[in-house]
There are 2 protein chains.
Amino acid sequence: MALLDTVVMRGLTVQGVLSPEDRALLLGLELNPRHISANEELWQERADADMFCVVKEGWAYSYRNLRNGSKQILKFYLPGDIIGMRDFGFTRRLSSAAMINQGVIYPFSYQQLFELFGRSSLAVGIMATAMRQQALLSERLIYLGQYAAHERLAHFLYEIYLRLKRIEAVEDNSFLMPLTQQLISDALGMSPVHVSRTFSMLREEGLVIRDRQHVKLPDPEALARLVEFNDSYIDELLPLTFAELLRASP
Amino acid sequence: MALLDTVVMRGLTVQGVLSPEDRALLLGLELNPRHISANEELWQERADADMFCVVKEGWAYSYRNLRNGSKQILKFYLPGDIIGMRDFGFTRRLSSAAMINQGVIYPFSYQQLFELFGRSSLAVGIMATAMRQQALLSERLIYLGQYAAHERLAHFLYEIYLRLKRIEAVEDNSFLMPLTQQLISDALGMSPVHVSRTFSMLREEGLVIRDRQHVKLPDPEALARLVEFNDSYIDELLPLTFAELLRASP
DNA sequence: TCGGTGACTTAACGTATGTTATGGATAATG
DNA sequence: CATTATCCATAACATACGTTAAGTCACCGA
């Protein structure tokens with residue numbers, strides 16, 4: 001299962017828009033096979049992110065270990081899949097990755113991806129933006145999978161708080177949230193009644209004050225501790241190496 | 001909140017790798033404001049996908065309506081966010097999108113994105129690949145949020161089945177799955193014990209036969225009906241319009 | 001001013017799923 | 001071949017959450 005055989009690249013081939021150079025670049029990603037034994041780690045969360053892997057043989061998976069001892073698997077990778085794209089645009093890995101059984105992978109560097117991108121800064125920027133969106137999606141998946149209702153709601157509110165702060169829509173730890181409890185329940189996969197119950201709990205604990213659309217988090221840090229929110233990456237600029245790679249001559 | 005002010009693009013600016021042309025292209029996306037009223041739909045699931053939106057004012061959200069009447073919200077969009085990237089590389093929208101309150105958006109076309117990409121076929125291909133990965137992640141989020149254990153497991157098995165079929169690793173509706181129930185439970189957010197229980201249920205219903213790593217789905221279509229699996233898009237080639245856009249002169 | 005509507009709260013009750021524990025089958029190891 | 005570890009099945013019990021329902025409060029149009 002080579003990259004050129006994936007649905008997407010086959011589509012581009014059929015449509016006749018992949019130049020011979022493009023095809024050569026793509027094939028060039030699959031030159032250095034590496035044999036991996038079962039259960040071997042490819043990388044750990046927070047390791048430097050500087051390369052991807054195409055899975056040639058075997059199964060792998062990406063996951064996050066949580067404070068409470070549980071772990072959430074984000075994705076299983078089968079032959080032909082690319083591991084590591086999730087981290088593109090971040091300095092460090094957002095999740096760990098490991099082989100399940102024995103297999104073969106082709107590692108390739110960010111540098112090679114930049115060549116695929118034709119060294120277009122904007123392409124890199126758009127891709128990084130998309131991956132940040134996916135990072136938020138992954139966080140939510142983790143919370144839906146592993147945490148109880150009050151943690152999910154706390155996590156949700158804290159995420160909104162951070163995103164609003166970034167666009168300067170938070171003042172004195174308060175913000176406007178035009179969501180009904182019904183909408184929140186649809187987002188968090190719980191019943192509207194339980195959203196209400198859970199808001200009451202958070203209010204009693206002094207973590208959230210809410211009157212209609214007005215929300216105040218008296219102690220955002222306490223909330224962050226409760227939810228194990230990894231906000232280190234959210235406002236992170238692109239890795240410094242990106243500039244060098246973009247400026248490097250082909 | 002303009003695109004040039006987002007973390008990613010600010011990073012590229014700081015690093016001095018955004019050319020004046022790049023900046024002009026990016027600014028060019030935000031020329032045609034459109035005022036949207038509260039609760040107005042931006043598009044529905046399965047509509048033609050041919051453009052994105054930058055949110056300027058107001059909140060929006062993307063969601064999927066499910067057969068059982070519930071709905072799963074995938075993401076809330078705040079000012080500065082781009083709506084619609086999730087569908088890039090697909091012919092039709094994978095989820096609906098609507099405004100929550102009244103607001104302003106800037107629509108921009110795929111064509112404009114292709115210009116950002118410098119008309120690099122490979123950049124388009126990589127981006128589309130990443131978005132397909134995200135589509136699978138979204139499906140899993142929907143299932144974690146809205147469905148009971150046996151539906152989650154059924155969905156999981158059917159997804160694996162489809163992905164293995166694509167790489168010709170399914171024979172006679174059987175395949176090899178090197179996963180322990182512990183790993184499956186970590187992926188689906190349920191206890192290992194309940195995974196076992198649920199496998200027993202599916203076996204009694206004649207939907208799944210399993211002996212250790214050997215899995216057989218006697219009637220994959222029955223499973224697909226049970227889980228409301230939208231597999232129409234998984235093996236879809238890139239939209240035909242992509243070739244035209246890639247070939248168009250700048 | 002009044003009834004109507006939608007958003008929210010709280011309570012009572014049922015159930016899906018988690019937890020803990022035990023035993024059996026199979027694979028791994030010496 | 002014996003021993004041990006791993007994986008899995010099943011049962012008994014506990015609980016978080018869903019469901020249904022009723023009541024309060026704010027807002028809105030007649």
Side-chain angles (χ1 to χ4, degrees), chain A residues 37-39 59 66 68-73 100-102 143-157 176-205 208-216 226-227, chain B residues 38-39 59 66 68-73 100-102 143-157 176-205 207-216 226-227:
Chain A
S37 51
N39 297 313
W59 289 32
L66 306 178
N68 63 13
S70 63
K71 106 175 154 188
Q72 174 69 42
I73 293 177
I100 292 171
N101 45 11
Q102 153 192 344
Y143 265 78
L144 286 194
Q146 301 293 335
Y147 286 93
H150 71 279
E151 294 163 311
R152 272 185 271 171
L153 182 56
H155 180 271
F156 176 79
L157 292 173
L176 212 69
M177 182 173 71
L179 304 178
T180 63
Q181 296 191 354
Q182 172 72 56
L183 277 177
I184 296 174
S185 78
D186 287 337
L188 297 185
M190 50 205 263
S191 69
V193 174
H194 205 56
V195 170
S196 173
R197 271 200 283 254
T198 310
F199 261 120
S200 303
M201 283 181 53
L202 292 177
R203 172 167 28 84
E204 278 158 26
E205 295 170 34
V208 178
I209 302 171
R210 186 179 55 93
D211 178 30
R212 305 243 147 209
Q213 305 196 347
H214 299 271
V215 179
K216 175 163 190 169
L226 171 65
V227 300
Chain B
N39 297 312
W59 289 32
L66 306 177
N68 63 14
S70 62
K71 107 175 155 189
Q72 174 69 42
I73 292 176
I100 293 172
N101 46 11
Q102 151 193 346
Y143 264 79
L144 286 194
Q146 301 293 334
Y147 286 92
H150 71 280
E151 294 163 311
R152 272 186 272 172
L153 182 56
H155 180 271
F156 176 79
L157 292 172
L176 213 69
M177 183 173 72
L179 304 178
T180 63
Q181 295 190 354
Q182 173 73 55
L183 277 177
I184 296 174
S185 79
D186 287 337
L188 298 185
M190 50 206 262
S191 69
V193 174
H194 205 55
V195 171
S196 173
R197 272 200 283 255
T198 310
F199 261 121
S200 303
M201 283 181 52
L202 292 176
R203 171 168 30 82
E204 279 158 24
E205 294 171 33
L207 291 170
V208 178
I209 301 171
R210 185 180 55 96
D211 178 29
R212 302 246 148 207
Q213 304 196 348
H214 299 273
V215 179
K216 176 163 189 170
L226 170 65
V227 300

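By convention in this document, chain letters (A, B, ...) are assigned in the order of the sequence lines, proteins followed by strands, and residues within each chain are numbered from 1.
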Is a side-chain N or O of Gln213(A) found less than 3.5 angstrom from the main chain of Leu179(A), in a donor-acceptor match?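 Answer holds: no.
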
Under 3.5 Å: donor-acceptor pair, side chain of Ser196(A), backbone of Pro192(A):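 Not confirmed, Ser196(A) side chain does not pair with Pro192(A) backbone.
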
Please determine whether a side-chain nitrogen or oxygen atom of [X] lies at a distance below 4.0 Å from atom OP1 or OP2 of [N].
X: Ser200(B); N: dT10(D); value: yes
X: Gln181(A); N: dT9(C); value: yes
X: Arg210(B); N: dA9(D); value: yes

Would you say the side-chain atoms of Ser200(A) and Arg197(A) include a donor-acceptor pair closer than 3.5 Å?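 No, because no side-chain N or O of Ser200(A) sits under 3.5 Å from a partner of the opposite role on Arg197(A).
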
Consider only side-chain N and O atoms of His155(B) and Arg152(B), and report whether a donor and an acceptor are under 3.5 Å apart.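 On atom types as modelled, these side chains do not qualify, holding no pair under 3.5 Å.
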
Between [N] ([atom2]) and [X] ([atom1]): distance, integer Å:
X: His214(A); N: dA26(D); atom1: NE2; atom2: C1'; answer: 13 Å
X: His194(A); N: dT15(C); atom1: NE2; atom2: P; answer: 18 Å
X: Asn101(A); N: dA27(C); atom1: CG; atom2: C1'; answer: 16 Å
X: His150(B); N: dA16(C); atom1: NE2; atom2: P; answer: 10 Å
X: Leu179(B); N: dC8(D); atom1: CG; atom2: C1'; answer: 15 Å
X: Leu153(B); N: dC8(D); atom1: CG; atom2: C1'; answer: 14 Å
X: Gln102(A); N: dA28(C); atom1: CD; atom2: P; answer: 13 Å
X: Arg197(B); N: dT15(C); atom1: CZ; atom2: P; answer: 16 Å

Can you identify which nucleotide, out of dC8(C), dT19(C), dC17(D), has its nearest atom closest to the Ala148(A) side chain?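 Of the candidates, dC17(D) comes closest.
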
Just how large is the angle between the end axes of the helix from dT1(C)-dA30(D) to dG30(C)-dC1(D), five pairs per end, to 10 degrees?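 Overall, the helix from dT1(C)-dA30(D) to dG30(C)-dC1(D) bends by 40° from one end axis to the other.
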
Determine, stepwise, if the pair Leu226(B) / Leu207(B) fulfils side-chain contact (heavy atoms from CB on, under 4.5 Å). CA-CA 10 Å; Leu226(B) 170 65; Leu207(B) 291 170; 3.9 Å; yes

Both Val193(A) and Val193(B) contact DNA chain D. Taking the nearest nucleotide for each, which residue is further toward the 5' end?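 Closer to the 5' end of DNA chain D: Val193(B).
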
Residue met sooner reading DNA chain D from 5', once Met190(A) and Arg212(A) are mapped to nucleotides: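 The residue mapped nearer the 5' terminus is Met190(A).
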
Worked check of side-chain contact (heavy atoms from CB on, under 4.5 Å) between Leu157(B) and Phe199(B): CA-CA 11 Å; Leu157(B) 292 172; Phe199(B) 261 121; 3.9 Å; yes

Relative to the 5' end of DNA chain C, which residue comes earlier, Ser196(A) or Val195(B), by the nucleotide with the nearest heavy atom?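 It is Ser196(A) whose nearest nucleotide is closer to the 5' end.
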
Pick base, sugar-phosphate or nothing for Thr180(B), based on heavy-atom distances below 4.0 Å to the nucleic acid.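 It contacts sugar-phosphate atoms only.
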
Candidate pair Arg210(A) and Gln181(A), rule side-chain contact (heavy atoms from CB on, under 4.5 Å), full reasoning: CA-CA 12 Å; Arg210(A) 186 179 55 93; Gln181(A) 296 191 354; 2.9 Å; yes

